[in-house]
Amino acid sequence: MYKKLKRTCCMAIVVMVLIPFKKLAAQEKPISINWNNTIAVSKTTPTLQVVYNPMLRANSPIHKATFEALKNMGANYVRYVPWFPYPKAAVVELKAPTATETFWDFQYADPAVIDFMEATKGHPAVINFSTIPVWMFKTAKPVEHPDDPDLPFWEYNQGKELRDTTCKEVADYFARVFSWYTRGGFTDELGKFHKSGHHYKFPYWEVLNEPDLEHRMSPQLYTKIYDAVVNELKKIAPETKFVGISVAHETDPQWFEFFLNPANHKSGVPLDGISYHFYGRPASIDQQIDSYQYSFFDQANGFLDRVRYIENIRKRLAPNTFTQINEIGNILQNRDYKGVIPDGYWNLSGAMFAYLYVELSKIGIDVAGESQLVGYPTQFPDVSMMNWKNGKPNARYWVLKLLKDNFGPGDKLVAANSYSPDVIAQAFITASGKKLLLINKTNKVVNLKVTGMEGAKLQTVDVSTGDNPIAEGEIKGNAFLVKPFSVTIIKIKD
């Protein structure tokens, strides 16, 4: 048996432990890594999305801590979405212009945009003013929104048919919003110039959000709107790249078949990038955390199969188009979940994101974005990366920070095996050295053999770290206890 192991080693399979097999029980096999077997070269950037809500306003008790956390993340391609439940911040022309008056108002939109741009300075961001003014749709009666800017209004998105079927009215609206932030202002419908003083660079602009849900658009209508908006914004910023589709449910191939086909677009409209979303959920409302783990990871695997299918469509129709999966998270029930969220849930959700990051890197996805920076009761509390009670980043944030600081495009993913069905092992060759990522999918401690790694430095986010920063340590002895739902990176000594 020793000769067999020696011969295997000569074949460049690196085994962390070379000891007689008789001393190892079947469940104590060592971690194995084949540094010479590159299975993929990553293109994937780990990042997050920031969705507007009142916790981002200056009067919020966690405002300062939230934007400090965003700045400290230092991520590229952070997605910013002023969202329809808060019309005063998401829509800057809440009334249709008349023959004598317009109603442009950025007082609620500007502060959060300014804070976001300051916190992400030096990093390319993806901006998505996602909400079309509802007066641009045909509705049975005018839609009245609350005067209170902090009161959510989930009924704002009404109507399915635009009153201007050419989409010019929609395109002109977004062109003015874009100009407000990038060109110092805009000229309104009556010829009056509105000065902003903003001269931001928007390298990426995403056109609408979840159009399959918001207004229940068809792929055909969405594509028509996309073309109209992109044509207008290209006149203002030819260098900006555009992200399309952004569907909530990636299960309908019609969206991808239609949108990614250049024949369905106006001449000259670029297909720079596409996006779509994934949220894992409990299989039933009475599940507990020990069951969440199976539902979340099973659903993640099903999602990955759909990603591979979508990638085949993209490669066939638009091989130069990039893909951003820019909402990844978990939802326990609904936006106003009032149940008890166990502390370990945040670690489980972070572990699922880490697993998807690994697998999306193998597939060749460009961006994996965790959702979302701030949630709280009435605003999907289970999706938050911040503890809305104390203003500290939670385990979901720290998992993303761990991944972002250690991995990125250009890394080589090499073959690895933990020999435990509960722990995912993935080895990377990065610009800063060889690293091993371990993800515990379960709510139990797993004992792994790590002989040969004595003194190796490690970083971990687990159930003991809670809302605290990433823990650091080193490997001692021949075994490593992988805590429940932990995400750990071990830096391998050369």
Crowding at NZ, Lys434 (>12 non-hydrogen neighbours, <6.0 Å): yes
NZ (Lys234) with more than 12 external heavy atoms under 6.0 Å: yes
Tyr86 vs Gln379, side-chain hydrogen bond (donor to acceptor under 3.5 Å, both in side chains): CA-CA, chis, key distance, verdict: CA-CA 11 Å; Tyr86 299 97; Gln379 296 299 307; 2.9 Å; yes
For the student: nearest non-hydrogen atoms of Leu48 and Ala75, plus distance: CD2-CB, 4.3 Å
Nearest atoms (heavy-atom pairs only) where Ala228 meets Ala171: O-CB, 3.4 Å
Between CD on residue Glu472 and CD1 on residue Ile489, distance to nearest 0.5 Å: 11.0 Å
Pairs involving residues 195-224, ordered by first then second residue, that meet salt bridge (Lys or Arg N to Asp or Glu O under 4.0 Å) (sequence neighbours left out): Arg79-Glu206
Distance flag, aromatic centroids of Phe259 and Tyr226, threshold under 6.0 Å: yes
Whether over 12 other heavy atoms sit under 6.0 Å from Asp343 CG: no
Nearest atoms (heavy-atom pairs only) where Phe129 meets Ala90: CD2-O, 3.9 Å
Thr321 side chain to Leu271 backbone, donor-acceptor under 3.5 Å: yes
Polar side-chain atom of Asn301 near backbone of Phe297 as donor-acceptor pair, under 3.5 Å: yes
Ring centers of Tyr77, His123 separated by less than 6.0 Å: no
Point-to-point distance, once rounded to the nearest 0.5 Å, from CZ of Arg57 to CG of Asp150: 4.5 Å
Side chain Lys88, main chain Asp147, donor-acceptor under 3.5 Å: yes
Chi angles and distances behind the side-chain hydrogen bond (donor to acceptor under 3.5 Å, both in side chains) call for Ser349, Tyr292: CA-CA 9 Å; Ser349 185; Tyr292 292 167; over 6 Å; no
Intermediate values then yes/no, side-chain hydrogen bond (donor to acceptor under 3.5 Å, both in side chains), Ser432 and Lys435: CA-CA 9 Å; Ser432 58; Lys435 298 175 183 179; 3.0 Å; yes
Spatial distance of atom CG (Asp227) from atom SG (Cys167) [nearest 0.5 Å]: 9.0 Å
Distance flag, aromatic centroids of Trp346 and Trp398, threshold under 6.0 Å: no
Within the 6.0 Å centroid threshold, strictly below: Tyr345 and Phe485: no
Nearest atoms (heavy-atom pairs only) where Gln158 meets Glu155: NE2-O, 2.9 Å
Trp135 side chain near Val143 side chain, heavy-atom distance below 4.5 Å: no
Inter-residue atom distance Asp382.CG - Arg281.CZ, 0.5 Å rounding: 8.5 Å
Aromatic ring pairing Phe202/Trp205, orientation class (parallel under 30°, perpendicular over 60°, tilted between): tilted
Side-chain donor or acceptor of Thr465 paired with backbone N/O of Asn468 under 3.5 Å: no
Aromatic plane relationship, Phe303 with Phe278 - under 30° parallel, 30 to 60° tilted, over 60° perpendicular: parallel
Atom pair CD1 (Ile365) and OG1 (Thr323), whose distance is rounded to the nearest 0.5 Å: 4.5 Å
Side-chain donor or acceptor of Lys160 paired with backbone N/O of Ser218 under 3.5 Å: no
Tyr204 six-ring centre to Lys241 NZ/CZ under 6.0 Å and within 45° of normal: no
Check: Lys315 side chain, Pro319 main-chain N or O, donor-acceptor pair, under 3.5 Å: no
Arg396 (side chain) donor-acceptor with Val383 (main chain) under 3.5 angstrom: yes
Given Tyr156, Tyr222, Phe137, the one that forms ring-ring contact (aromatic ring centres under 6.0 Å, His included) with His215: Phe137
Nearest non-hydrogen partners of Val50 and Leu56, listed with the distance: CG1-CD1, 3.7 Å
Derivation of the side-chain hydrogen bond (donor to acceptor under 3.5 Å, both in side chains) call for Asp110 and Tyr181: CA-CA 9 Å; Asp110 265 12; Tyr181 287 111; 2.7 Å; yes
Pairing of Lys121 and Glu118 as salt bridge, 4.0 angstrom limit: yes
Geometric class of the Trp180/His198 ring pair [parallel <30°, tilted 30-60°, perpendicular >60°]: perpendicular
Sidechain-backbone polar pair: Gln372 side chain, Val374 backbone, donor-acceptor under 3.5 Å: yes
Donor-acceptor side-chain pairing of Gln49 and Ser371 below 3.5 angstrom: yes
Heavy atoms of other groups near Lys412 NZ, more than 12 under 6.0 Å: no
Arg308/Glu311 salt bridge by N-O under 4.0 Å criterion: no
Separation of Leu162 CG from Glu169 CD (nearest 0.5 Å): 8.5 Å
Within 6.0 angstrom of Lys491 NZ, more than 12 heavy atoms from elsewhere: no
Which atom of Asn406 lies closest to which atom of Thr430, heavy atoms considered: O-CG2, 3.8 Å
Donor-acceptor pair, side chain of Asp272 and main chain of Val243, under 3.5 angstrom: no
Lys/Arg cation over aromatic Trp104: Arg176, 6.0 Å, 45° cone: no
Residue Phe103 excluded, over 12 heavy atoms near CZ under 6.0 Å: yes
Step-by-step side chain to side chain contact (heavy atoms under 4.5 Å, CB included) determination, Leu413 to Ser361: CA-CA 8 Å; Leu413 286 78; Ser361 296; 4.1 Å; yes
Ser246 backbone acceptor or donor facing Asn209 side chain under 3.5 Å: no
